[in-house]
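Here's the structure we're looking at; comments come further down.
The figures here come from the full heavy-atom set of this structure, side chains too, leaving out hydrogens, waters and symmetry mates.
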Amino acid sequence: MTITSPHLGSPSAWTDARLLFALEEVVEKELNRHLKVAKDWMPHEYVPWSDARNFPGLFEDGEAWDKEQSKVTEVGRIALVVNLLTEDNLPSYHHEIATLFGRDGAWGTWVHRWTAEEGRHGIVMRDYLLASRAVDPDKLEQFRMSHMSEGFESDNRHSMLHSIAYVAFQELATRISHRNTGHQSGDPLCDRMLARIATDENLHMVFYRNLLKSAFELAPDLTMQAVRDVVVNFRMPGHGIPGFERAAAQMAIGEVYNLRIHHDDVLQPVLRFLKVMEIDGLGPEGRQAQEELGLYLGGLNAEAAKFDEKLAARKARMAARAGA
């Protein structure tokens, strides 16, 4: 695929302000498409309210939490907490994208619409967790306070192109994490709820992925460099959650999210759709970024293969112990 050079001349001509203006029509088109296919849904309809009962506190009949009260698996519980705490930082995410993209025109309409849709996710997940007694409510609130008190600053807040590239991958990563959490949760109601959330996340990914496609057409060299930087340095927005590294390791073993999933189900689908490795007509910096991206993906795939082997060996050991 050949992409022509931007009509404004050298890459230095593309400031964030010019790119915002140049992409405004694309944003409006994608926003209209999104509004036609997105379906409103009611968070309360996905919560097993009949399972709920009082916790200790103001209610004398409150029942203390115990993990045995829930059918959710251990890895499901861990992933649900990570996913919810990630959603809890929505005020910070809104501030970041509203500051970067603006609050006017199609950009502003999208920012507010996206925030409203994402707000449902935190609502339904918290209500489900408390009604089904899947997590310790005191610890959940302590984690929320700790996480949100730290605030959030995106690694890509310095650049609109980097931010668009990041969310194109991150929205898909979030969709995959929610979907796999549902599969591993052990509760069909949880699986259904997270499937609904994952549908939203997929639509958000499509919006940003299509925007990234247009950015490649406008400023291929700069966009290639942004994609290279984002892929090489990618980390989930919940990385600041207390105990995140340990939780991430458990989610990797539990096949909710790991290197293989990240490579095969998140990076590759977006890169293939955009035909990133097939783009030619790039300048020296764009070609270098493309080459470095290819080398990184090869290394990541090799690391994923090592992880696959370790995970298979672990499963074999556990099966042997169970059969002994």
Side-chain angles (χ1 to χ4, degrees), residues 27 31 34-35 38-47 79-104 107-131 134-135 137 139-157 160 162-179 181-182 190 193-208 211 234-244 247-248 257:
V27 172
L31 173 62
H34 177 84
L35 293 175
K39 295 181 179 179
D40 281 340
W41 53 279
M42 302 298 119
H44 60 267
E45 295 179 356
Y46 288 80
V47 180
L80 279 163
V81 170
V82 169
N83 292 349
L84 174 56
L85 292 177
T86 300
E87 300 286 357
D88 276 336
N89 250 338
L90 181 60
S92 289
Y93 307 149
H94 174 84
H95 173 75
E96 290 244 341
I97 64 172
T99 300
L100 194 64
F101 298 152
R103 295 173 173 83
D104 301 318
W107 281 105
T109 302
W110 167 254
V111 166
H112 297 308
R113 174 72 190 196
W114 174 87
T115 302
E117 292 183 4
E118 288 287 343
R120 289 191 182 121
H121 304 168
I123 292 169
V124 71
M125 290 177 68
R126 175 166 280 99
D127 286 348
Y128 166 82
L129 289 173
L130 296 180
V135 299
K139 287 186 177 179
L140 182 63
E141 177 59 11
Q142 290 163 6
F143 281 147
R144 187 190 71 84
M145 285 296 296
S146 176
H147 184 44
M148 291 193 69
S149 295
E150 291 294 321
F152 173 82
E153 287 190 343
S154 169
D155 297 332
N156 303 287
R157 62 190 181 280
M160 193 200 75
H162 282 73
S163 296
I164 291 174
Y166 175 74
V167 289
F169 294 105
Q170 180 266 319
E171 292 283 7
L172 181 53
T174 304
R175 173 211 165 193
I176 295 296
S177 180
H178 282 310
R179 201 68 191 95
T181 298
C190 180
M193 171 192 67
L194 292 176
R196 177 59 261 185
I197 292 174
T199 299
D200 282 359
E201 302 290 8
N202 194 63
L203 290 178
H204 298 164
M205 178 276 293
V206 170
F207 178 95
Y208 286 118
L211 198 56
F234 185 89
R235 56 179 182 169
M236 293 293 274
H239 61 80
I241 293 171
F244 178 78
Y257 201 95

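- No donor-acceptor pair closer than 3.5 Å links the side chain of T115 to the backbone N or O of H94.
- Contact of the W41 side chain with the V124 side chain is registered, since non-hydrogen atoms from C-beta on lie closer than 4.5 Å.
- Checked against a 6.0 Å centroid threshold, the rings of W114 and Y208 do not count as neighbours.
- Between Y93 and T86 the shortest side-chain heavy-atom distance falls below 4.5 Å.
- Annotation: the span from T109 atom OG1 to D104 atom CG amounts to 9.0 Å, rounded to 0.5 Å.
- The closest side-chain heavy-atom distance from V27 to F207 is below 4.5 Å.
- Other residues, nucleotides and ligands contribute at most 12 non-hydrogen atoms within 6.0 Å of the NE2 atom of H95.
- Side-chain contact, H147 with Q142: no donor N or O sits under 3.5 Å from an acceptor N or O.
- A pairwise comparison of heavy atoms in L84 and G122 identifies CD1-O, 3.6 Å as the closest pair.
- Note that the NE2 atom of H178 and the CD1 atom of I197 stand 5.0 Å from one another [nearest 0.5 Å].
- With sequence neighbours excluded, the residues satisfying side chain to side chain donor-acceptor pair (under 3.5 Å) with Y128 are D187.
- Looking at Y46, its side chain never comes within 3.5 Å of a backbone N or O of C190 through a donor-acceptor pair.
- The two residues L100 and S163 make their nearest non-hydrogen contact at CD2-OG, 3.0 Å.
- Between D40 and R196, no side-chain nitrogen of the basic residue sits less than 4.0 Å from a carboxylate oxygen of the acidic one, so the salt-bridge criterion is not met.
- Side-chain atoms of R157 come within 3.5 Å of backbone atoms of S154 as a donor-acceptor pair (strictly under, hydrogens ignored).
- Taking the six-membered ring for Trp, F234 and F169 have ring centres at least 6.0 Å apart.
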Applying side-chain hydrogen bond (donor to acceptor under 3.5 Å, both in side chains) to Q170 and H204, what does each step give before you reach the verdict? CA-CA 10 Å; Q170 180 266 319; H204 298 164; over 6 Å; no

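- Annotation: F101 is not in aromatic contact with W110 [ring centroid separation under 6.0 Å not met].
- Using modelled atom types, no side-chain atom of E150 and backbone atom of G240 make a donor-acceptor pair closer than 3.5 Å.
- A heavy-atom distance below 4.5 Å is found between the side chains of R113 and L35.
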Checking V111 against R103 for the side-chain contact (heavy atoms from CB on, under 4.5 Å) test, could you report, in this order, the C-alpha distance in whole Å, the side-chain angles of both residues, the deciding distance, and whether it holds? CA-CA 7 Å; V111 166; R103 295 173 173 83; 5.9 Å; no

Check step by step if salt bridge (Lys or Arg N to Asp or Glu O under 4.0 Å) holds for R175 and E171. CA-CA 6 Å; R175 173 211 165 193; E171 292 283 7; over 6 Å; no

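- R144 places no side-chain N or O within donor-acceptor distance of the main-chain N or O of D88, the cut-off being under 3.5 Å.
- Rounding to the nearest 0.5 Å places CG of L172 at 13.5 Å from CZ of R179.
- Counting all heavy atoms, side chain and backbone alike, E87 lies closest to E201 at OE2-OE2, 3.3 Å.
- Distance check, rounded to the nearest 0.5 Å: CE of M193 to NE2 of H121 gives 10.5 Å.
- The shortest non-hydrogen separation linking S177 to N83 is OG-OD1, 3.2 Å.
- Between V47 and A131 the shortest heavy-atom distance is CG1-CB, 3.7 Å.
- Side-chain contact between I241 and F143 is absent, with no heavy-atom pair separated by less than 4.5 Å.
- Here the CG-CD distance, from N156 to E96, works out to 9.5 Å after rounding to the nearest 0.5 Å.
- In this structure, D127 has no salt bridge (charged side-chain N to carboxylate O under 4.0 Å, His left out) partners at least two apart in sequence or on a different chain.
- Distance check: L90 CG to F152 CZ gives 11.5 Å after rounding to the nearest 0.5 Å.
- Of all heavy-atom pairs between A38 and L203, the closest is CA-CD1, 3.8 Å.
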